[in-house]
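Because only heavy atoms are used, hydrogens play no part in the values below, and waters and symmetry mates are left out as well, while side chains stay in. Along the sequence shown, residues are numbered consecutively beginning with 1. Counting starts at 1 for both ligands and their atoms, following the listed order.
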Amino acid sequence: MTTYPRPEPGDQPPLLYPPYAATVRRAPAMPPIPLPHTPSELTGPLFGHHPIGETDSDLTRQHAGDPLGERIIVAGRLLDEDGRPIPHTLVEVWQANAAGRYRHASDNHPAPLDPNFTGAGRTVTDGEGNYRFVTIKPGAYPWRNHPNAWRPAHIHFSLFGPAFATRLVTQMFFPGDSLLPFDPIFNCTADEKARNRLISVFDWETTVPLQALGYRFDIVLRGRDATPMEE
Ligand SMILES: [Fe+2]
C-alpha cells in the first residue's frame, strides 16, 4: 500500500512532552484510531464568510491609527517535500501586540492592549507559493507553564490546504531570541535542525528602507525538510 512518507523521529513535536505542561492533560492516552474522512472534510476550500480584503495581510493598517511597536515584514514561500511551491493556499496568522498582549478574552496578562492592533491577518499564496505580511514585532509574554515562564516572541501560522482536514498549524520565531533555549514549545521538537526551521531568517531583501525590517519564513509541509507542526 502506498503511504505518505512519515517524518523521522524527533522531526516533529510529540503529542506528549511533559515540560510543556498542557500536553500532559491533552495528549491521548490510547493509540489513535484511523477514521475515514467524510465528504465535508474532503471538499473545500472553506475560506470563511468574507473574501480576503486589502488590509487583511497588513496588520498595521486595520485601524484608524498606526499600532505601537517595531514594524516588520514577514514573507516566505509555502513548499512541498520536493521544494515545489504551493500556490493559492490560505495562510492565516495571529500574534500578541508589541507589549506581549493578545486581544483575546482569556489573555489577562497586565500589559496594555493597542487600540490600533488586532493581531490577526490572512492572505493567499500567489502562483509561486509566496506570502507576505506587514505587521508589528510581537512582544514576549508570561505564561503559567512553570515558574517565571515566558514565551519567546512568535507568530502563529495556520495553513489551510485544500480542505478543512488538511489544515496545519505552527509558530514562527525570531533569530537571536534569548528565550528560545527555555521555551518548551520550541524545544519539544527534539531534532535541532528541524527545530531551527521554526526560526525566521533576518533578510535585507525583505526589509523596506525607512519602513520595516524583513524576516523570511519558508514553510515546508512534509518530507525530510518539513517544518514542525502542532497536531
Ligand atoms: Fe502565542
Working to 10°, measure the angle at the Fe ion (ligand 1) formed by atom OH of Y102 and atom OH of Y141. 100°
Should the pair R61-E54 be classified as a salt bridge under the 4.0 Å nitrogen-to-oxygen rule? yes
Parallel, tilted or perpendicular, judged at 30° and 60°: which one describes the rings of F133 and Y131? tilted
For the metal site, I want the angle between atom NE2 of H154 and atom NE2 of H156 with the Fe ion (ligand 1) at the apex, to 10°. 90°
Nearest 0.5 Å, please: how far is CZ in F173 from CG in L198? 6.0 Å
Decide, yes or no, whether a salt bridge links R222 with D80 under the criterion of side-chain N to carboxylate O below 4.0 Å. no
N, O or S of Q171 under 2.8 Å from the Fe ion (ligand 1): no
Looking at the Fe ion (ligand 1), is there an N, O or S atom belonging to Q95 that lies under 2.8 Å away from it? no
